[in-house]
Amino acid sequence: MDKYGILKKYFGYSEFREGQELLIDSILSGRDVLGIMPTGAGKSLCYQVPALLLPGITLIISPLISLMKDQVQALNQAGIHAAYINSSLSESQISKALRLAAAGQYKMIYAAPERLETYEFLQFALQAEISMLTVDEAHCISQWGQDFRPSYLKIVRFIRQLPVRPVLSAFTATATEKVKEDISCVLGLDRPQILVTGFDRKNLYFAVETPRKKDDYVLSYIKEHREESGIIYCATRKNVDTLYEKLISEGIAAAKYHAGLSADERKQNQEDFIYDKSPVMAATNAFGMGIDKSNVRYVIHYNMPQSIENYYQEAGRAGRDGERAECILLYSAQDVVVNRFLLENKEPGAEQTQEEMDAVREMDGQRLRAMTYYCMTSGCLREYILRYFGERGPDRCENCLNCAREYEQTDITETAAKIISGILEVRQRYGINVIAGMLAGENRAKLREYGVFDYESYGRLKDMREIEIKMIITQMLTQGLLAVTNDKYALLKVPPAAYEVLREERRVIYKKPKEDLSKTDGRTSSGSRVRKSDILNSKGLELFERLRALRTEIAREESIPPYLIFSDKVLVDMCVKAPLNKGEMMKVSGVGEYKYERYGGRFLKVLAEFNNGVREKFYFGDTGEPVSAFSGYGAGAPKVKKKDFMLTDTQAAAFPYQDQYLAAEIAEKLNELRDARTVKKTSGAEIFRRMQAAEYAGEEKKNGRWKRYISEKGKKAGLFIGMRMSRTGTEYEDIYYNKKAQSMIVEMFTEEHVQSNRKSF
């Protein structure tokens with residue numbers, strides 16, 4: 001059997017994803033490989049397929065017990081014999097597993113790095129034919145990585161003791177250029193085939209929010225997504241416990257996970273999450289590595305992580321099935337203080353020299369600053385992440401909060417020049433807190449201690465709040481107009497580009513979100529939540545739910561997670577193809593021979609009963625031919641072209657009128673009425689644009705700021721100015737719409753009006 005036969009028989013796919021075939025062919029030719037591929041890109045297949053074709057055993061070194069168990073369970077479900085060796089097994093169980101492996105029972109053995117130095121395992125390895133050694137989560141071997149594990153260095157010593165050097169393969173989802181070089185060097189990879197498929201996960205939506213009350217935000221979000229599974233990461237055990245109690249008190253089926261719980265509690269809570277008994281998990285970063293739960297629809301970070309690497313790895317646990325998922329980070333300035341304290345008090349690694357410890361601390365500080373800048377940037381969040389990992393992304397991804405927001409641009413060249421001059425005046429000796437406090441004219445004890453009151457720059461920006469000055473400084477850092485030292489003090493420095501500002505040769509533009517797009521509770525719309533199942537019509541969705549019910553029934557019978565039977569992605573493809581026999585079922589992406597033999601008959605029975613054995617169409621589309629939701633392994637669902645926003649007369653009649661609404665609130669209510677599968681969303685910005693076009697309202701610049709106004713025509717139409725509160729607690733004017741104005745806007749968006757006035761807007 002060749003690699004394609006293996007792929008179809010055991011994994012149910014007919015095509016490889018990007019990069020997989022290159023790495024598989026390299027391994028089979030005897031060449032070392034290093035694969036850097038995002039979570040969900042199919043890294044495991046890159047070593048599992050050749051492991052089944054190579055003559056001997058493949059050893060997979062993995063850092064966590066949960067990761068090994070999950071991988072081995074998935075392989076056994078696919079009809080592949082594999083085993084793991086770790087501390088969760090008794091010595092007799094380990095001995096039995098090694099005997100069976102030596103007898104050819106297992107093609108793959110998963111082991112923790114600590115296991116490599118035990119006498120029994122080493123004796124087994126010296127006598128067995130080991131064709132390949134795979135290092136999973138390979139970034140753990142680099143001391144420059146965010147998750148360095150000294151135990152990974154045992155791998156190098158182990159390889160040197162083997163009588164015949166096996167092919168080496170290493171895989172990770174997150175690695176900067178420096179970490180990538182370190183992995184290759186430390187492992188001693190021989191002329192490796194290196195593949196970086198790209199870090200972008202297009203199905204993930206990214207957002208950074210700054211709510212006044214994080215608990216209220218989380219509770220509100222989860223209640224809006226009750227049918228979905230998600231993870232909330234917290235920085236401390238205390239935060240996990242507090243949040244968990246609040247979730248339970250609100251009737252939310254939640255679990256919690258952190259190192260303060262007993263091993264039995266952690267195991268039970270993890271299983272409750274995987275089996276969807278408790279679809280919401282509140283956890284520290286101790287949770288998640290190796291959890292291949294495909295239907296995690298959101299990951300919320302209650303606190304800012306310590307690095308982009310940690311954040312992207314944890315956020316990447318959402319949407320592993322390829323469907324849309326949301327990654328939301330709740331930022332507050334206190335998060336930076338807490339993380340800095342944790343890093344400064346981090347225990348040094350075993351056998352580290354003082355020089356190495358200092359270098360690691362310096363690298364930790366750089367990563368924390370990069371993470372902080374991510375939380376404060378006004379640019380595209382996806383582009384920021386990709387650029388961090390050395391990859392060029394689009395300036396606008398149109399799938400993150402910053403791309404969805406509208407910004408007002410202000411020329412702050414004069415302010416920037418004052419900031420640069422202030423840094424130069426204090427001879428570049430202080431960090432962002434001191435500089436911002438000095439320029440704002442604050443009277444803190446620390447500022448008095450530093451004697452900043454004596455500088456001419458003291459209070460030079462006293463008409464601005466300190467937080468605003470910090471945000472401008474952060475933006476200047478991301479633009480290369482300022483720099484910081486690579487130590488724990490992070491002193492602000494003035495690079496050559498900054499002098500162009502002082503010489504008035506360069507303008508500085510500051511992007512600030514328009515307040516009218518922010519909801520009063522700090523929540524911001526994430527836009528359209530497109531799912532693979534959105535291609536199914538109403539009857540198709542009913543069939544999808546019946547297939548899910550059967551999957552749950554089988555999962556309970558066999559005591560395995562539902563996603564190990566078939567993922568949602570596979571079930572949607574079943575609905576689209578509606579197979580009536582084995583031949584048709586085998587064309588469903590993700591159905592292999594072994595799984596068909598175990599489960600295919602039961603799923604075919606449900607399909608036959610549902611449509612009475614008659615061919616029927618369960619998806620949206622104009623063609624008469626069946627359309628696959630996933631044309632081959634890794635391909636996306638066919639796109640359903642959505643119409644511009646409009647409402648039917650029936651939908652318009654259901655609009656919930658109130659005495660007053662903001663434009664963003666009207667848009668939210670309108671969007672709830674539309675058919676989400678076939679009609680695009682509208683927005684508060686679109687409503688205001690129409691008000692401008694009709695000369696009901698407009699914008700004008702006063703004192704360097706854009707301000708909205710209402711015309712006499714607009715006042716007669718029901719628009720009026722009212723006060724509202726920003727997220728930072730500042731009162732400002734905004735445009736409200738009374739019932740008369742609301743009725744006018746609803747009429748604007750009814751189908752008949754849109755068709756007759758299509759050319760007007």
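The residues of the chain are indexed from 1 along the displayed sequence.
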Where the side chain of [X] meets the backbone of [Y], is there a donor-acceptor pair that is under 3.5 Å apart?
| X | Y | value |
| --- | --- | --- |
| R382 | L204 | yes |
| N203 | G319 | yes |
| T478 | Q475 | yes |
| K256 | V240 | no |
| R201 | Y312 | no |
| T410 | I412 | no |
| T413 | V508 | yes |
| S711 | E695 | yes |
| D335 | Y331 | no |
| T750 | E747 | yes |

Worksheet item: Using the benzene-type ring in the case of Trp, are the ring centres of Y430 and Y450 under 6.0 Å apart?
Response: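 Between Y450 and Y430, which both carry aromatic rings, the centre distance is below 6.0 Å.
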
Can you confirm whether [X] sits close enough to [Y] that some side-chain heavy atom of one is under 4.5 Å from a side-chain heavy atom of the other?
| X | Y | answer |
| --- | --- | --- |
| L401 | V208 | no |
| E665 | Q660 | no |
| V434 | V426 | no |
| N303 | C234 | yes |
| M304 | L368 | yes |
| L662 | Y736 | yes |
| M646 | Q651 | no |
| N443 | F453 | yes |

Fill in: E398 atom CD, over 12 foreign heavy atoms within 6.0 Å
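Yes, the 6.0 Å shell around CD holds more than 12 heavy atoms from other groups.
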
Worksheet entry | Residue E414 excluded, over 12 heavy atoms near CD under 6.0 Å |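 At most 12 heavy atoms, drawn from other residues, nucleotides or ligands, come within 6.0 Å of this atom.
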
Worksheet item: Considering residues at least two apart in sequence or located in another chain, which fulfil the side-chain contact (heavy atoms from CB on, under 4.5 Å) criterion with L491?
Response: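 Testing L491 for side-chain contact (heavy atoms from CB on, under 4.5 Å), a comparison that skips the adjacent residues, returns T485, Y489, K493.
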
Worksheet item: Does S743 have any side-chain contact (heavy atoms from CB on, under 4.5 Å) partners at least two apart in sequence or in another chain, and if so, which?
Response: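 Once residues adjacent in sequence are excluded, the partners of S743 under the side-chain contact (heavy atoms from CB on, under 4.5 Å) criterion are Y657.
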
[atom1]/[X] to [atom2]/[Y] distance, rounded to the nearest 0.5 angstrom?
| X | Y | atom1 | atom2 | answer |
| --- | --- | --- | --- | --- |
| R237 | T284 | CZ | OG1 | 7.5 Å |
| I232 | I222 | CD1 | CD1 | 4.0 Å |
| I473 | M376 | CD1 | CE | 9.0 Å |
| Y737 | I745 | OH | CD1 | 5.5 Å |
| M476 | I469 | CE | CD1 | 12.0 Å |
| R690 | Y696 | CZ | OH | 12.5 Å |

Least distance between heavy atoms, [X] atom then [Y] atom:
| X | Y | value |
| --- | --- | --- |
| R506 | A497 | NH1-CB, 3.8 Å |
| M438 | G422 | CE-O, 4.0 Å |
| V501 | A416 | CG1-CB, 4.3 Å |
| D395 | C380 | O-CB, 3.1 Å |
| K740 | A717 | CG-O, 3.7 Å |
| A483 | P495 | N-CD, 4.0 Å |

Item to complete: Tell me, please, whether F645 has K680 positioned over its six-membered ring: NZ or CZ under 6.0 Å from the ring centre and within 45 degrees of its axis?
Response: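 No - K680 does not lie over the ring of F645 by the 6.0 Å and 45° rule.
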
Practice prompt. For the pair S421 and L502, evaluate side-chain contact (heavy atoms from CB on, under 4.5 Å) and give the outcome as yes or no after the intermediate values.
Written response: CA-CA 8 Å; S421 297; L502 295 178; 3.6 Å; yes

Determine, for [X] against [Y], whether the closest basic-nitrogen to carboxylate-oxygen distance falls under 4.0 angstrom.
| X | Y | value |
| --- | --- | --- |
| E250 | K246 | no |
| K716 | E712 | no |
| E466 | R444 | yes |

Worksheet item: Does the pair D411 and I509 meet the rule for a side-chain contact (heavy atoms from CB on, under 4.5 Å), with working shown?
Response: CA-CA 5 Å; D411 189 323; I509 304 300; 4.1 Å; yes

Item to complete: Fit a plane to each ring of Y311 and Y374, take the angle between them on a 0 to 90° scale, and name the class: parallel (under 30°), tilted (30 to 60°) or perpendicular (over 60°).
Response: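 Y311 vs Y374 ring planes: tilted.
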
Item to complete: Verify the distance criterion only: is there a donor paired with an acceptor across the side chains of N310 and R367 at less than 3.5 Å?
Response: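 On atom types as modelled, these side chains do not qualify, holding no pair under 3.5 Å.
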
Worksheet item: Looking only at side chains, do E505 and Y499 share a donor and an acceptor under 3.5 Å apart?
Response: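 No donor-acceptor contact under 3.5 Å links the two side chains.
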
Item to complete: Might you work through the side-chain contact (heavy atoms from CB on, under 4.5 Å) test for I435 and L439, ending with a clear yes or no?
Response: CA-CA 6 Å; I435 296 298; L439 291 167; 3.8 Å; yes

Item to complete: Show the numbers, then the answer: is there a side-chain contact (heavy atoms from CB on, under 4.5 Å) between Y217 and I328?
Response: CA-CA 11 Å; Y217 182 102; I328 302 170; 3.6 Å; yes

